[in-house]
Undergrad: 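Structure in structure tokens, see below.
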2 protein chains.
Amino acid sequence: MADHNKRGDTIIRKLRENGHKITPQRLAIVKILAVSDGHPSVEDIYEQIRTDFPTMSLATVYRNILLLKSLGEVLELGFPDGSNRYDGNKPVPHPHVICIRCKKIVDPVLDSLDEMKKEVALETDFKILNHRLDFFGICSSCMAENK
Amino acid sequence: MADHNKRGDTIIRKLRENGHKITPQRLAIVKILAVSDGHPSVEDIYEQIRTDFPTMSLATVYRNILLLKSLGEVLELGFPDGSNRYDGNKPVPHPHVICIRCKKIVDPVLDSLDEMKKEVALETDFKILNHRLDFFGICSSCMAENK
DNA sequence: ATGTTAAGTGATATTTATTATCATTTAATA
DNA sequence: TATTAAATGATAATAAATATCACTTAACAT
Ligand SMILES: [Zn+2]
Ligand SMILES: [Zn+2]
Ligand SMILES: [Zn+2]
Ligand SMILES: [Zn+2]
């Protein structure tokens, strides 16, 4: 597969615009986050890169995620159990569905979201700025395995 | 105001049923959680009780919350910033609206929730078991203060 | 190409919230 | 009132994320 990593290019451009250097370590982290296949954790990213980049430090992964968060280019999903997962592909808040077995995370399209937002504002008189909507369950492939 | 703390009584009964002792410390923690005014944090509970119970240990608050969680009598709300808040009044999952200024947390009634649950199941083929729906914004009183 | 320099990295120390440990105390029952 | 398992208080241990700092390097100018 070719290297037309559009989302990755956008992130790199944003980094340059803000005067940040493009190091090999940073580039490797961005590439993974731009895809965000399954919404990787810090450890996922670290392990993926370490295979062909043995000198990579865990601190560098943390630092770069922090930077990308501050630029609004990655969405952090902190879970109640303390684990964190990242979405650099779609960095604006959106609902997530998490499989509690295999830890897969998917992005559902929910038409009912707009209505719910309206209802929240109406019900509470809050000025809503952000949201975090997570549904936990078991994915179809884990369900099939079970039998 | 009188002491018809229905929710607190339910929690105490559940504790007795499961063979747990009712200590003064435990009772004080349960009383606060049963009301869950604004969804208190561990520190909130600790400070509230310490005023007229100076010997109270922070570990005891943690221990009792752990126990009440295991009995399904308190809902833990862990937030991305690492903070935790508790609802012992309505211990089943429900949406929350959080003021990012004063940290107040309220329970909105959202008719659109049922529809969204259906949509998630349909869209993703997951068997949904749990959810966590948070909306972040600024409450009306904080908005008023701002001007 | 080479040198310069501010930013980035790697290794490690620190921080902070929660859990574990353990000697002492106490609620529940007889 | 005595018995005993459970709970408490004080503190140690744990673990994930952040801070520190000496060394390295990407970006830019020459
Ligand atoms: Zn699964
Ligand atoms: Zn996502
Ligand atoms: Zn407020
Ligand atoms: Zn609540």
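Per chain, numbering begins at 1; letters A, B, ... match sequence-line order. In what follows, every heavy atom counts, from backbone to side chain, and hydrogens, waters and symmetry copies are set aside.
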Undergrad: Just verifying a value: how many Å separate A:E73 CD and A:N89 CG, rounded to the nearest 0.5 Å?
TA: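 Rounded to the nearest 0.5 Å, the CD-CG separation comes to 11.0 Å.
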Undergrad: Would you tell me whether A:E119 and B:S112 have side-chain atoms, one donor and one acceptor, within less than 3.5 Å of each other?
TA: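 There is such a pair (donor and acceptor under 3.5 Å, judged by atom type) between the side chains of A:E119 and B:S112.
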Undergrad: State whether A:R132 and A:D134 are salt-bridged, where the test is any N-O pair (Lys NZ or Arg NE/NH1/NH2 against Asp/Glu carboxylate O) under 4.0 Å.
TA: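 Yes, A:R132 and A:D134 are salt-bridged.
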Undergrad: Given atom CZ of B:F79 and atom P of C:dT18, what is their separation to the nearest angstrom?
TA: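 Distance, rounded to whole Å: 13 Å.
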Undergrad: According to the interplanar angle, ranging from 0 to 90°, do the rings of B:F79 and B:F136 count as parallel (below 30°), tilted (30 to 60°) or perpendicular (above 60°)?
TA: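 Correct class here is perpendicular.
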Undergrad: Please report the distance, rounded to the nearest Å, between CD1 in B:I49 and C1' in D:dG9.
TA: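 Atom-to-atom, B:I49 to D:dG9, this comes out as 14 Å.
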Undergrad: Hey, are A:E47 and A:R50 close enough for a salt bridge, meaning a charged N less than 4.0 Å from a carboxylate O?
TA: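 Salt bridge flag = yes for A:R50 with A:E47.
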Undergrad: Can you measure B:L58 atom CG to D:dA7 atom P for me and round it to whole angstrom units?
TA: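 Those two atoms, CG and P, are 18 Å apart.
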Undergrad: Could you tell me the separation between the CG atom of A:N84 and the C1' atom of D:dT18, rounded to a whole number of Å?
TA: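 Rounded to the whole Å, the gap is 13 Å.
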Undergrad: Which value, rounded to the nearest 0.5 Å, describes the distance between B:I49 atom CD1 and B:L27 atom CG?
TA: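 Taking CD1 in B:I49 and CG in B:L27, the distance rounds to 9.5 Å.
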Undergrad: Reckon A:T55 has a side-chain N or O less than 4.0 Å from the OP1 or OP2 of C:dG10?
TA: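 Answer is yes, contact under 4.0 Å.
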Undergrad: Regarding B:S83, tell me which of base, sugar-phosphate or nothing describes its non-hydrogen contacts under 4.0 Å with the strands shown.
TA: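 The answer is nothing, as B:S83 stays clear of every strand by at least 4.0 Å.
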Undergrad: Closer to the 5' end of DNA chain C via nearest nucleotide, is it A:F53 or B:G82?
TA: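 Closer to the 5' end of DNA chain C: A:F53.
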Undergrad: Expressed as a whole number of angstroms, how long is the span from B:I45:CD1 to D:dT8:P?
TA: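 Taking atom P of D:dT8 as the reference, CD1 of B:I45 is at 14 Å.
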Undergrad: Tell me the interatomic distance from B:D81, atom CG, to C:dT18, atom P, rounded to whole angstroms.
TA: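 In whole Å, C:dT18 P lies 10 Å from B:D81 CG.
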Undergrad: Which residues, if any, of residues 61-76 of chain B bring a heavy atom under 4.0 Å of DNA chain D?
TA: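 By residue number: B:R63, B:N64.
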Undergrad: Would you check if the side chain of A:H39 reaches a backbone N or O of A:D37 as a donor-acceptor pair within less than 3.5 Å?
TA: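 No, the answer is negative, given that no donor and acceptor are paired below the 3.5 Å cut-off.
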Undergrad: In this structure, how many angstroms lie between the P atom of C:dT18 and the OH atom of B:Y46, rounded?
TA: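 Checked: the OH to P distance equals 14 Å.
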Undergrad: Can you pull out the residues from residues 12-27 of chain B that lie within a 4.0 Å heavy-atom distance of DNA chain D?
TA: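 Within residues 12-27 of chain B, the residues near DNA chain D are B:H20, B:K21, B:T23, B:Q25, B:R26.
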Undergrad: Less than 4.0 angstrom between a side-chain N/O of A:T60 and OP1 or OP2 of C:dG10, yes or no?
TA: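 For A:T60, the contact criterion (side-chain N or O under 4.0 Å from OP1 or OP2 of C:dG10) is met.
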Undergrad: Looking at A:K90, I want to see if its NZ is surrounded by more than 12 non-hydrogen atoms of other residues, nucleotides or ligands under 6.0 Å.
TA: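 Yes.
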Undergrad: How long is the span from the NE2 atom in B:H94 to the CG atom in B:D87, to the nearest 0.5 Å?
TA: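 The NE2 atom of B:H94 sits 4.0 Å away from the CG atom of B:D87.
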Undergrad: Whole Å only: how far is the CG atom of A:D44 from the P atom of D:dA16?
TA: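 Answer to the nearest Å: 14 Å.
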